[in-house]
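First comes the structure, then the notes that go with it.
All of these numbers come straight from a predicted model, not from anything done at the bench. Just so we're on the same page: letters track the sequence lines, and every chain starts at 1.
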Number of protein chains: 2
Amino acid sequence: MYIHYLFTFIADTMSIETDIKQKKFRSPYQRLALNLIYTTNWLEYKQLEFFKGHDITPQQYNVLRILRGQQTVPIKVSDITERMLDRNSNTSRLVDKLLAKNLAKRTSCPNDRRAVDVVITEEGLQLLAELDPHVDQWEDRFNIITPEEADLISALLDKVREAE
Amino acid sequence: MYIHYLFTFIADTMSIETDIKQKKFRSPYQRLALNLIYTTNWLEYKQLEFFKGHDITPQQYNVLRILRGQQTVPIKVSDITERMLDRNSNTSRLVDKLLAKNLAKRTSCPNDRRAVDVVITEEGLQLLAELDPHVDQWEDRFNIITPEEADLISALLDKVREAE
DNA sequence: GTACATTTAATGTAGTAACATCTATTAGTG
DNA sequence: CACTAATAGATGTTACTACATTAAATGTAC
């Protein structure tokens with residue numbers, strides 16, 4: 001629970017208005033909705049280009065990160081889905097892709113024979129280690145704004161999702 | 001060019017941390033990057049569900065809105081692409097879909113015979129008019145935050161994209 | 001004006017997403 | 001326990017995305 005006092009300089013060039021050539025928005029909320037979609041598409045496109053050079057897709061990377069977060073503890077396919085940024089992906093087939101590249105391995109779960117346990121391999125860990133510095137740099141592209149501003153946006157986005 | 005003083009209450013439940021079950025982030029920028037992608041996926045999923053009931057996709061709707069914005073002035077396919085939220089879509093085939101539904105019409109451009117002019121039809125305008133109140137309501141789901149907060153996020157997102 | 005490069009939109013293709021269905025296993029109920 | 005419902009994950013199908021290629025028209029350099 002925090003209180004934020006912000007003093008922020010905002011440039012009025014290259015705004016969402018000029019980017020999508022829409023002069024006027026019905027409300028700040030409309031502008032925000034379109035800006036969120038536009039900015040995230042922009043972000044995901046850059047992400048796609050970045051990962052393409054490493055023979056991996058953003059979703060596959062997302063799964064690998066989840067697996068690494070588990071350390072050596074196996075995780076069920078359905079639990080991977082729950083933690084993904086894009087939960088509409090078919091996790092089953094995503095794991096297939098990682099298996100084919102020897103980045104993950106799959107064992108049947110002893111407690112529940114319907115479930116399948118997934119663990120990251122040494123090779124998967126190596127790939128992530130290799131990517132880490134570049135991903136950090138990629139994420140820190142946002143440092144044009146202050147850490148406090150970044151946290152404020154995060155908190156407001158949380159609030160928006162929570163409202164449902 | 002504006003100065004913002006903000007006083008904001010932030011709830012600490014149902015944050016991105018609990019949503020994707022990641023306890024800790026490397027930096028506020030990492031949290032923001034993941035939160036943007038997660039929130040926009042959430043938003044787009046809801047959008048998809050909404051439009052599904054009206055036999056139209058979010059991208060098709062986006063094109064229709066651009067066409068309406070032109071009033072009766074025709075617009076080239078390439079100019080539609082420039083104004084789209086997701087510029088990776090194949091605008092040519094999107095316009096095909098609108099044509100098939102009689103929501104838009106296509107005429108060859110007199111100045112440049114390579115180009116194709118697109119205009120919205122009466123039927124397209126009617127569909128948009130029908131959707132307008134629902135879309136407004138959909139966008140205003142964000143009114144859990146203040147208009148000033150919405151504008152602040154928009155401005156910060158603009159700043160982030162501008163930095164490149 | 002001819003030759004070559006560029007632009008505009010359409011189309012071909014591979015991979016993926018969205019959604020439904022299927023099989024195997026477990027949970028719940030009488 | 002038998003029976004039905006629910007769950008986990010795999011798989012089939014359709015549509016769409018991302019990307020490359022093509023075809024036609026225009027621009028540009030000589």
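As a whole-Å value, the separation of B:Arg114 CZ from D:dT22 C1' is 15 Å. The NZ-P distance, from B:Lys52 to D:dA15, rounds to 14 Å in whole Å. One interatomic measurement links the two molecules: CD of A:Glu82 to P of D:dG9, which rounds to 11 Å at whole-angstrom precision. Rounding to whole angstrom units, CG of residue B:Asn111 and C1' of D:dT26 are separated by 12 Å. The nearest whole Å value for the distance from the NZ atom in B:Lys76 to the P atom in D:dA25 is 15 Å. Put simply, CE on A:Met84 is 14 Å from P on D:dG9, counting in whole angstrom units.
Picking from D:dG9, D:dT26, D:dC19 the nucleotide with the shortest atom distance to the side chain of B:Asn90 gives D:dC19. The A:Val116 side chain lies nearest to D:dG9 when the options are D:dG9, D:dT26, D:dC19. In this structure, of D:dA18, D:dA8, D:dT13, it is D:dT13 that holds the atom nearest to the side chain of A:Arg93.
Phosphate proximity of D:dC16 to B:Lys97: present, with a side-chain N or O under 4.0 Å from OP1 or OP2.
Residues A:Thr57 and B:Val95 both approach DNA chain C. Their nearest nucleotides, taken by heavy-atom distance, put B:Val95 toward the 5′ side. Sequence order on DNA chain D of the closest nucleotides to B:Asp112 and A:Tyr45 puts A:Tyr45 first from the 5' end. Across the interface with DNA chain D, nearest-nucleotide mapping of B:Gln59 and B:Arg113 shows B:Gln59 to be the residue nearer the 5′ end.
Under the 4.5 Å side-chain criterion, counting only non-hydrogen atoms from C-beta, A:Arg65 is in contact with A:Val135. Looking at heavy atoms from C-beta onward, B:Ile37 lies out of side-chain contact with A:Asp86 at the 4.5 angstrom threshold.
Classification of B:Asp140 and A:Arg26 as a salt-bridged pair holds, one side-chain N sitting under 4.0 Å from a carboxylate O.
Considering A:Leu94, A:Ile80, A:Thr57, A:Leu85 as possible partners of A:Asn62, the one that fulfils the side-chain contact (heavy atoms from CB on, under 4.5 Å) test is A:Leu85.
The outermost nucleotides of DNA chain C lying under 4.0 Å from heavy atoms of chain B, listed 5' to 3', are C:dT7 to C:dC19.
Within the structure, ring pair (Phe, Tyr, Trp, His ring centres under 6.0 Å) pairs that include any residue of residues 53-102 of chain B comprise B:Phe50-B:His54, B:Phe51-B:Tyr61 (at least two apart or interchain).
Going from atom CD1 of A:Ile16 over to atom CZ of A:Arg31 covers 9.5 Å, rounded to the nearest 0.5 Å. Summarising the geometry, atom CD1 belonging to A:Ile153 is positioned 5.0 Å from atom CG belonging to B:Leu157; distances are rounded to the nearest 0.5 Å.
Contacts of B:Ser78 with the nucleic acid, taken as non-hydrogen atoms under 4.0 Å apart, involve only primed sugar atoms and P, OP1 or OP2.
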